[in-house]
Amino acid sequence: MWYLVGGLFFLGVFAATVGVLSDRRRRRAVERGETLSGDEVVAPAGCCGRHDVCESDSLIATAGRPVEYFDDEELDAYRGLPSDAYPEDTVDEFREVLYTLKAAEVTGWIRSLQLRGIHLPDTLKDEALLIAGERRL
């Protein structure tokens, strides 16, 4: 009798452990923007799936590549201007470019601005980082 009770207890613990591990796996996949297809984790297109060590969004990884423009050549006029010195009409130019980009392009645009020596206006930094951060989740 005790063997039966003990066996059922360990079977229940085993099932609970497997369920918790499966939920963690599914939650982590969703946090990384991946979808689960059956038991297989499918990474989104253009994603290596290794977010902790991925260099796809790294500024260092793009050091040797040419600067990519996002139809924002007019922003080159603000090269070297401090991020807190932009007048409101200039901030609107940056805002217009930011909101015409796809969410996946925002990190590339920020990287492009950095490589070109253009500082993102302080009033837009939070918005741009929020959009870029949402894409990474």
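This chain uses plain numbering: 1 for the first residue, then up along the sequence. All figures in this text were calculated on a predicted structure; none of them were measured in a lab.
Smallest separation of non-hydrogen atoms from Glu93 and Tyr78: OE2-OH, 2.8 Å. Counting all heavy atoms, side chain and backbone alike, Ile118 lies closest to Leu75 at CD1-O, 3.3 Å. Shortest non-hydrogen contact noted between Ala128 and Val106 is O-CG1, 3.6 Å.
Within 6.0 Å of the CG atom in Asp89, the count of heavy atoms belonging to other residues, nucleotides or ligands exceeds 12. The number of heavy atoms from other shown groups lying within 6.0 Å of NZ (Lys102) does not exceed 12. Residue Glu73 places its CD atom among more than 12 non-hydrogen atoms of other residues, nucleotides or ligands, all under 6.0 Å distant. For Asp126, the CG atom is loosely surrounded, since the number of other residues' heavy atoms within 6.0 Å does not exceed 12.
Checked for salt-bridge contact, Arg95 and Glu88 meet the test: a charged N lies under 4.0 Å from a carboxylate O.
Between the side chain of Arg116 and the backbone N or O of Arg79 there is no donor-acceptor pair closer than 3.5 Å. Proximity of a side-chain donor or acceptor of Tyr86 to a complementary backbone N or O of Thr123 within less than 3.5 Å is not detected. Judged by distance alone, with hydrogens and angles left aside, the side-chain atoms of Ser83 form no donor-acceptor pair with the main-chain N or O of Asp122 at under 3.5 Å.
The CD1 atom of Ile131 sits 8.5 Å away from atom CG of Leu101, with the distance rounded to the nearest 0.5 Å. Rounded to the nearest 0.5 angstrom, Trp109 CH2 and Phe94 CZ are separated by 6.5 Å.
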(message) Between Leu115 and Arg111, is the side-chain contact (heavy atoms from CB on, under 4.5 Å) condition met? List the steps.
(response) CA-CA 6 Å; Leu115 291 172; Arg111 184 181 322 115; 4.2 Å; yes
(message) Run Leu113 and Phe70 through side-chain contact (heavy atoms from CB on, under 4.5 Å) and show every step you take.
(response) CA-CA 10 Å; Leu113 291 176; Phe70 294 84; over 6 Å; no
